[in-house]
Colleague: 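Here it is, the structure in full.
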Amino acid sequence: MAGGRVVEGMRVRFAPSPTGFLHVGGGRTALYNWLLARHSGGAFILRIEDTDTARSTQEYYQAIVEDLKWLGLDWDEGPEVGGPRGPYFQSERAGSYGPAIERLIADGSAYRCFCTKEELEERRGRAPKEGRDWRYDRRCLELADEERERLLKSGAPASVRFRVPDGATVVDDLILGRVEFDNSELDDLVIARTDGTPTYNFVVVVDDLEMGVTHVIRGSDHLSNTPKQVLIARALGGTPPTYGHLPLVLAQDGKVLSKRRGAVAIGEYRRSGYLPEALMNYLALLGWAYDGVQEIFQPDELVEKFEVGKVSRKPAAFDPDKLLWMNEQWIKSLPVSERTDRVLPFLTGEGLIEAGVAGEERDRLEKIVETIGDRLKTLNDITDQAGFFLASDVIYDSMSVKKVLAKPGADETLAGLQRILEGAPDFEPETLERIIRAHAQERGLSLGKLVQPVRVAVTGRTASPGIFETLSLLGRDKTLSRIEDARGLTNE
RNA sequence: GGCGCCAUCGUCUAGCGGUUAGGACGCCGGCCUCUCAAGCCGGUAACACGGGUUCGAUUCCCGUUGGCGCUACCA
């Protein structure tokens, strides 16, 4: 095994393959591994399983790393940070696998197999017709020595199979508990292909052993791989890690979440204005609960309270509604200044403000954010909510115009308001409220009757933050000119 | 088919032999109110089924049914 200093305690890893974007299921797996490592004070390792060169890409790798960082996860060993037990790209670890395979062949734990893919397919296809289950028939294990020699010398292509021993293999799973597999159910799996490259089930074992991985949290779709990996680890003279198999994340229809079934990439949530804290919070609660009551957890609180043993064994459906609610809760809890910071990229992205706002402009922006208040479910909602504050022209919603401005008396109402506002001593919300309320009383109108036409006039729609704050923020000039413009839309 | 995992409101879950089965999302209604949100109050809705064990099962055991996963020279 490679030398180097090793962190005491748990060594936990997350090992994505860069063959697609990180989606919520993978994100949750990464999170649980990270939480386990951080909770125990151990090391969190990121390893990239990029042996499938046909499907792995640099773009996916970068996106995964970016998404993990955005989510708030960090790693002690892995890409970008290095570590004593690298390299952390599987594609760079080829040197470890060959000798390990030779060792297994030498001590009889593995053997060469000359069966071709076609032969295997043929035999496999025949099995069910004959009412048998297919398992590799060990034809090449039972080869006479001379025959094996002959084939080897003839240069016949050979794969290497692991010889599954008799007996049973017990997996003491952190989440599932004790699971027992009868070894007779297991195939003599191929650990090295005809071209010499090692397969996943072998590579993972060697890497975990060499990296000193002690704990692995992964999807339960790997559960049936586990006895094979445990057996290989032991044949290699190592101690397999402790596993915890996470029930899969389901889509709303109860099917497993996958890339082509509504699985949304983590990056997609970032782009639509979700807070990483909210997504982390939601993902943590998807299959784990602290006391069944608390819903909002700070990241460090999750680290403190998370226990793998309490993870549910039941597959959990991903609920976008609840995630949205949680995002809203998180946005709401942000102080105005920070909320403004977070909303900034969405505003610039939409061209509503220029990058690098400062000074008075920044102050005004904070006031806008404050005024919009709890009306943001996602950060991206800001573009819709703040548009009329920031854009020079109002976009009039035709339904709102029809419902309010095109009604009889609207023009008169606006004209009256124009006069009042022109004469307003100042444009503070309190002042505006005072004079507008007084005006309503004078004219015998309900406040609502008076306010809605102005609202549509200055915001372009029937729904907006409080009208007095809105007018105040807009200022006298803009308010008056917009009312003037809007009078052109009335029926008079 | 074989092997494995799972089973409490529509969804996420609490429960660890005795509870009016709790919370959250959603939905519905009300209050508040200048609109929309938010907030507050209330409501809706669950132990898959059948056997055991037990004085007593949501809880423990077995089975049935159902869902899901794996069954590659993919990872």
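Chain A is the first sequence line, chain B the second, and so forth, proteins listed ahead of strands; every chain is numbered from 1.
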Colleague: Starting the side chain at C-beta, find the nucleotide from B:rC34, B:rC68, B:rG4 nearest to A:V179.
Modeller: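 Comparing B:rC34, B:rC68, B:rG4 against the side chain of A:V179, the answer is B:rG4.
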Colleague: Answer yes or no: does atom CZ of A:R148 have more than 12 heavy-atom neighbours from other residues, nucleotides or ligands under 6.0 Å?
Modeller: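 More than 12 heavy atoms, drawn from other residues, nucleotides or ligands, come within 6.0 Å of this atom.
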Colleague: Select one nucleotide: of B:rA14, B:rC73, B:rC12, the one nearest the side-chain heavy atoms of A:T194.
Modeller: B:rC73
Colleague: When you compare B:rC70 with B:rC36, how far apart are their P atoms, in angstrom units rounded to a whole number?
Modeller: 49 Å
Colleague: Consider the side chain of A:V293, meaning its heavy atoms from C-beta on, and name the nucleotide among B:rG23, B:rC70, B:rC34 that approaches it most closely.
Modeller: B:rG23
Colleague: Hey, is the side chain of A:R437 poking within less than 4.0 Å of OP1 or OP2 on B:rC34, counting only N and O atoms?
Modeller: yes
Colleague: P atom, B:rC60 versus B:rA14: distance in rounded Å?
Modeller: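 Those two atoms are separated by 13 Å.
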Colleague: What one-letter contact string describes nucleotides 36-44 of chain B from 5' to 3', where B marks a base within less than 4.0 Å of any protein heavy atom, S marks contact via sugar-phosphate atoms alone, and - marks no contact?
Modeller: BBSS-----
Colleague: Among A:F318, A:Y269, A:W325, whose ring pair (Phe, Tyr, Trp, His ring centres under 6.0 Å) with A:Y282 holds?
Modeller: A:F318
Colleague: Hey, could you give me the CD/CG distance between A:E180 and A:D172, rounded to the nearest 0.5 Å?
Modeller: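 So the CD of A:E180 and the CG of A:D172 are separated by 10.5 Å.
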Colleague: Could you please spell out the steps behind the side-chain contact (heavy atoms from CB on, under 4.5 Å) verdict for A:I45 and A:V12?
Modeller: CA-CA 6 Å; A:I45 304 165; A:V12 186; over 6 Å; no
Colleague: Considering only atom P, compute the distance from B:rG4 to B:rA24 and round it to an integer number of Å.
Modeller: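 B:rG4 and B:rA24 have their P atoms separated by 40 Å.
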Colleague: Inspect the contact between A:R437 and A:E433 and indicate whether a charged nitrogen and a carboxylate oxygen are less than 4.0 angstrom apart.
Modeller: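 Yes, charged N to carboxylate O under 4.0 Å.
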Colleague: Roughly how many Å apart are B:rA21 and B:rA57, using the P atom of each and rounding to a whole number?
Modeller: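 Each nucleotide's P atom is 15 Å from the other's.
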Colleague: For A:H245, which contact category applies under a 4.0 Å heavy-atom criterion: base, sugar-phosphate, or nothing?
Modeller: nothing
Colleague: Applying a 4.0 Å non-hydrogen cut-off, can you work out what A:L286 is touching in the nucleic acid: base, sugar-phosphate, or nothing?
Modeller: sugar-phosphate
Colleague: Which comes earlier along RNA chain B counting from the 5' end, the contact point of A:S159 or that of A:L447, where each point is its nearest nucleotide?
Modeller: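 The 5'-side residue here is A:L447.
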Colleague: For A:A30, which residues count as a side chain to side chain contact (heavy atoms under 4.5 Å, CB included) partner, sequence neighbours excluded?
Modeller: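 Per chain and number, A:A30 pairs via side chain to side chain contact (heavy atoms under 4.5 Å, CB included) with A:F14, A:L68, A:L73.
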Colleague: Paired with B:rU20 by Watson-Crick or G-U wobble geometry, both distances under 3.5 Å: which nucleotide is it?
Modeller: none
Colleague: Can you name the one residue among A:R135, A:K228, A:R138 that meets salt bridge (Lys or Arg N to Asp or Glu O under 4.0 Å) with A:D188?
Modeller: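 Per the salt bridge (Lys or Arg N to Asp or Glu O under 4.0 Å) rule, the option paired with A:D188 is A:R138, out of A:R135, A:K228, A:R138.
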Colleague: Look at all strands and tell whether A:N225 reaches a base, only sugar-phosphate, or nothing, counting heavy atoms closer than 4.0 Å.
Modeller: base
Colleague: Please report, rounded to the nearest Å, how far the P atom of B:rA72 is from the CG atom of A:D137.
Modeller: 13 Å
Colleague: Is A:R461 touching bases, backbone alone, or none of the nucleic acid, heavy atoms closer than 4.0 Å?
Modeller: nothing
Colleague: How long is the line joining CD1 of A:I467 and C1' of B:rU35, in whole Å?
Modeller: 8 Å
Colleague: Taking donor-acceptor contacts at under 3.5 Å, does the side chain of A:K314 reach the base of B:rA7?
Modeller: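 There is none.
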Colleague: Out of B:rC73, B:rA14, B:rA75, which nucleotide sits closest to the side chain of A:E49?
Modeller: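 Shortest atom-to-atom distance from the side chain points to B:rA75.
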Colleague: Is any N or O donor-acceptor pair between the side chain of A:T199 and the base of B:rC73 shorter than 3.5 Å?
Modeller: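 Per atom types, no contact qualifies.
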Colleague: Can you tell me how far P in B:rC41 sits from the matching atom in B:rC9, rounded to whole Å?
Modeller: 26 Å
Colleague: For B:rA46, give the paired nucleotide (Watson-Crick: N1-N3 plus N6-O4 or O6-N4; G-U: N1-O2 and O6-N3; both under 3.5 Å), or none.
Modeller: none
Colleague: May I have the distance from A:K322 (atom NZ) to B:rA24 (atom C1'), rounded to whole angstrom?
Modeller: 4 Å
Colleague: Whole angstroms only, please: what is the CD1-C1' distance between A:I191 and B:rA72?
Modeller: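 Between C1' of B:rA72 and CD1 of A:I191: 15 Å.
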Colleague: Looking at the side chain of A:E469, which of B:rA75, B:rC34, B:rC5 is the nearest nucleotide?
Modeller: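 That would be B:rC34.
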Colleague: Side chains of residues 283-296 of chain A: which donor-acceptor partners sit under 3.5 Å, not counting sequence neighbours?
Modeller:
unit_1: A:D291; atom_1: OD1; unit_2: A:V293; atom_2: N; d: 2.7
unit_1: A:D291; atom_1: OD1; unit_2: A:Q294; atom_2: N; d: 2.8
unit_1: A:Q294; atom_1: OE1; unit_2: A:K305; atom_2: NZ; d: 3.4
unit_1: A:Q294; atom_1: NE2; unit_2: A:I296; atom_2: O; d: 2.9
unit_1: A:Q294; atom_1: NE2; unit_2: A:E301; atom_2: OE2; d: 2.9
unit_1: A:E295; atom_1: OE1; unit_2: A:K322; atom_2: NZ; d: 3.2

Colleague: What interatomic distance, in whole Å, is found between P of B:rA45 and the corresponding atom of B:rC5?
Modeller: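 Nearest-Å result for B:rC5 against B:rA45 at atom P: 36 Å.
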Colleague: Can you identify which nucleotide, out of B:rG69, B:rC34, B:rG23, has its nearest atom closest to the A:V451 side chain?
Modeller: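 Out of B:rG69, B:rC34, B:rG23, the nucleotide with an atom closest to A:V451's side chain is B:rC34.
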Colleague: Would you indicate what A:P315 reaches in the nucleic acid, counting non-hydrogen atoms under 4.0 angstrom: base, sugar-phosphate, or nothing?
Modeller: sugar-phosphate
Colleague: Rounding to a whole Å, what distance do you find between A:D133:CG and B:rU71:P?
Modeller: 15 Å
Colleague: When both hydrogen-bonding distances must be under 3.5 Å and the geometry is Watson-Crick or G-U wobble, what is B:rC3 paired with, if anything?
Modeller: B:rG69
Colleague: Name the closest nucleotide to the A:A289 side chain, picking from B:rG23, B:rA14, B:rA75.
Modeller: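 Nearest to the side-chain atoms of A:A289, counting from C-beta on, is B:rA14.
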Colleague: Run the salt-bridge test on A:E49 and A:R47 with the 4.0 Å N-O cut-off and return the result as yes or no.
Modeller: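 The answer is yes: the pair qualifies as a salt bridge.
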Colleague: On a whole-Å scale, what distance lies between the P atoms belonging to B:rG52 and B:rU59?
Modeller: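 Rounded to whole Å, the distance is 14 Å.
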Colleague: If you find the nucleotide of RNA chain B closest to A:A317 and the one closest to A:S220, which residue's nucleotide is nearer the 5' end?
Modeller: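 On the 5' side of the pair lies A:A317.
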Colleague: Let's test this: given Watson-Crick or G-U wobble pairing with both distances under 3.5 Å, identify the partner of B:rG10.
Modeller: B:rC25
Colleague: Stacking between A:H222 and B:rG69, defined as ring centres under 5.5 angstrom apart with planes under 30°, is that present or not?
Modeller: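 Not stacked by the 5.5 Å and 30° rule.
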Colleague: At 4.0 Å (heavy atoms only), tell me whether A:E295 reaches a base, stays on the sugar-phosphate, or touches nothing.
Modeller: base
Colleague: Can any side-chain N or O of A:R339 pair as donor or acceptor with the backbone N or O of A:I331 at less than 3.5 Å?
Modeller: yes
Colleague: Rounded to whole angstrom units, what separation is found between the NZ atom of A:K228 and the C1' atom of B:rU71?
Modeller: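 Whole-Å distance recorded here is 7 Å.
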Colleague: Taking CG from A:D187 and C1' from B:rC70, how many angstroms apart are they, rounded to a whole number?
Modeller: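 Rounded to whole Å, this separation is 12 Å.
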Colleague: Suppose we call two aromatic rings close when their centres sit under 6.0 Å apart. Are A:F202 and A:F162 close by that rule?
Modeller: no
Colleague: With heavy atoms under 4.0 Å as the rule, sort A:L248 into base, sugar-phosphate or nothing.
Modeller: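 If one applies the 4.0 Å heavy-atom cut-off, A:L248 turns out to touch the sugar-phosphate alone, with no base involved.
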Colleague: Can you check the distance between B:rG1 and B:rG43, where both ends of the measurement are the P atom (answer in whole Å)?
Modeller: 47 Å
Colleague: When we call it a touch if two heavy atoms are under 4.0 Å apart, what does A:F468 touch: a base, just sugar-phosphate, or nothing?
Modeller: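 Since a base atom lies under 4.0 Å of A:F468, the category is base.
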Colleague: Got a salt bridge between A:E469 and A:K367, using NZ or NE/NH1/NH2 to carboxylate O under 4.0 Å?
Modeller: no
Colleague: For the base of B:rC5, is there a side-chain donor-acceptor partner from A:R313 under 3.5 Å away?
Modeller: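 Looking at the base of B:rC5, it does not pair with any donor or acceptor on the side chain of A:R313 (distance under 3.5 Å).
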Colleague: Among B:rA75, B:rA72, B:rC5, which nucleotide has an atom closest to any side-chain atom of A:R124?
Modeller: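 Of all the options, the side chain of A:R124 is nearest to B:rA72.
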Colleague: Starting at CH2 of A:W134 and ending at P of B:rA72, how long is that distance when rounded to a whole Å?
Modeller: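 Going from CH2 in A:W134 over to P in B:rA72 covers 10 Å.
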Colleague: Suppose we define a pair by two distances each less than 3.5 Å, Watson-Crick or G-U wobble; what does B:rU58 pair with here?
Modeller: none
